[in-house]
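Okay, so here's the structure we're looking at.
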Amino acid sequence: MIKCVVWDIDNTLLTGTYLESGEQLPAPDAGLVEVARELDQRGIVHALASKNPPEAADYVARVTQLPFAAAECGWGRKSEAVRRIIDDLAIGADTVAFVDDDLMERAEVAAGLPEVLVLSPEDAAEAPQWPEFRPAVLTDEGRRRGQLYAQRRLRQEEARAFGGSRDNFLRYAGTRVQISPATAADLPRLHELSVRTHQFTTAAGPASEADLAGWLDSGRYRLLTARLSDRFGDDGLVGGVLADTGESAVRAGVEAGEAGAAAGEAGSWTVPLLVMSCRAMGRGVLDALLAALCQQAAAAGATELRVLCRVTERNVPLRLALAAAGLRASQASQAPPVGEPVVFARSLSGALPALPDWAELTAARGAATSGGRS
């Protein structure tokens, strides 16, 4: 599935060449702007990569009224500009489409980034009909993805100018993380996250709504959600975690129709599924979610929290984040092959991680029971 379309400006989103237009700047291409708006409504975000000054991107944003998640303007290689956008948005190259009217530019990007889908403007006009541009599941959060990425740009610009620590910036930004038990109304969004998220998931594949509903109704599992907002905007539901509270561990990964038990250590809570939107990483959500889970597990008498993370080529960022949060990979699982589980664990004896002061743990949505806010 395509998550982001990177557009050229000259003779693509605009009907002429920005730097050659004099005082009468070129109008937007009405047909392609309509395509972009349709894709925006499907949760596909947009970015710009153009051999132009930055003012050209500002002009395009103004005349098209499209929310752009990123803009790379300069005179270097287009493939390098697209690569920077991919890295900035933390998405896979195979989820990106690039649109340019210039055959040589398209060839250069195709050679430098073979996983990117390279399109002419004529191709892009037909793209809304293609399956790669029609997400199988789309929630309210998904429809707002372009707006949320535009807010992300503003947040990042202010963070760069802030100069203080990450935690101080989160407080300055009015960050609020709410950890709550999942409800039936949350299941479509949790399923959407499991389908779309590849870098920040412990599972090898998506969790169906039927699987999620089964775990929600079981007295054995805890299914928690994380919601995120700050003064830049409300991101909605950005993460979830499933914990087996029994004495035996759930088999690593979430496979279609399966959450079978495997032998585990008595007294442990075991997490087979943790999924997070990439927009939430670095904003205190993972720390809050793991702290809440540690507190609940310890209160229930568990002595250890274990996170079973299926190794994929994409989820290195999540594995690094788990290690940074104080969970340690077992010696036997330091470098398993792709597809095998890594066990990240931490003891629940002694001091437990505290909820950050921008987070709250609620027994039901809207009623805080612990944490920094009520």
Side-chain angles (χ1 to χ4, degrees), residues 137 139-141 177-197 200-228 235-262 264 268-277 280 285-302 304-310 318 322 325 327 341 344 348 355 359-371:
V137 57
T139 63
D140 288 341
E141 285 94 340
V177 178
Q178 184 184 52
I179 311 297
S180 306
T183 68
D186 298 325
L187 301 188
R189 173 57 175 163
L190 290 171
H191 170 57
E192 181 182 42
L193 281 172
S194 76
V195 169
R196 293 186 61 92
T197 302
F200 301 106
T201 178
T202 58
S208 71
E209 286 191 48
D211 290 337
L212 292 163
W215 297 322
L216 183 64
D217 293 337
S218 169
R220 173 171 175 157
Y221 300 99
R222 296 279 180 94
L223 184 58
L224 300 178
T225 62
R227 285 173 167 77
L228 173 64
D235 288 76
L237 199 163
V238 296
V241 62
L242 175 74
D244 177 8
T245 65
E247 291 187 355
S248 60
V250 175
R251 180 170 32 190
V254 177
E255 301 173 0
E258 297 181 358
S268 66
W269 275 27
T270 304
V271 174
L273 176 64
L274 189 156
V275 63
M276 191 84 62
S277 167
V285 178
L286 183 62
D287 292 340
L289 196 54
L290 291 173
L293 203 57
C294 285
Q295 291 183 11
Q296 290 194 349
E304 184 183 48
L305 179 70
R306 305 169 75 238
V307 177
L308 307 183
C309 183
R310 183 78 68 175
L318 177 61
L322 290 172
L327 284 83
F344 289 86
L348 300 178
L355 274 178
E360 64 182 12
L361 173 62
T362 65
R365 197 170 309 155
T369 57
S370 64

- From the list Val285, Asp235, Asp186, Val238, side-chain contact (heavy atoms from CB on, under 4.5 Å) partner of Arg227 resolves to Asp186
Minimal non-hydrogen separation, [X] against [Y], with atom names:
| X | Y | result |
| --- | --- | --- |
| Leu190 | Ala182 | CD1-CB, 4.3 Å |
| Leu193 | Gly239 | CD1-N, 3.8 Å |
| Ala292 | Leu355 | N-CD2, 4.0 Å |
| Ser180 | Thr362 | OG-OG1, 2.6 Å |
| Arg310 | Pro341 | NH1-CD, 3.8 Å |
| Trp269 | Arg222 | CH2-NH1, 3.4 Å |

Distance check, rounded to the nearest 0.5 Å: [X] atom [atom1] versus [Y] atom [atom2]?
| X | Y | atom1 | atom2 | result |
| --- | --- | --- | --- | --- |
| Gln295 | Leu361 | CD | CG | 7.0 Å |
| Leu293 | Ile179 | CG | CD1 | 9.5 Å |
| Leu242 | Trp215 | CG | CH2 | 5.5 Å |
| Thr270 | Glu304 | OG1 | CD | 7.5 Å |
| Leu289 | Cys294 | CG | SG | 10.0 Å |
| Phe200 | Leu318 | CZ | CG | 7.5 Å |

Considering only heavy atoms from C-beta outward, does the side chain of [X] approach that of [Y] to under 4.5 Å?
| X | Y | result |
| --- | --- | --- |
| Thr201 | Ser194 | no |
| Thr225 | Arg189 | no |
| Leu290 | Val241 | no |
| Leu223 | Leu273 | no |

Spell out, as yes or no, whether a donor-acceptor pair under 3.5 Å connects the side chain of [X] to the backbone of [Y].
| X | Y | answer |
| --- | --- | --- |
| Thr245 | Arg220 | yes |
| Glu141 | Leu237 | yes |
| Glu192 | Thr139 | yes |
| Thr202 | Leu274 | yes |

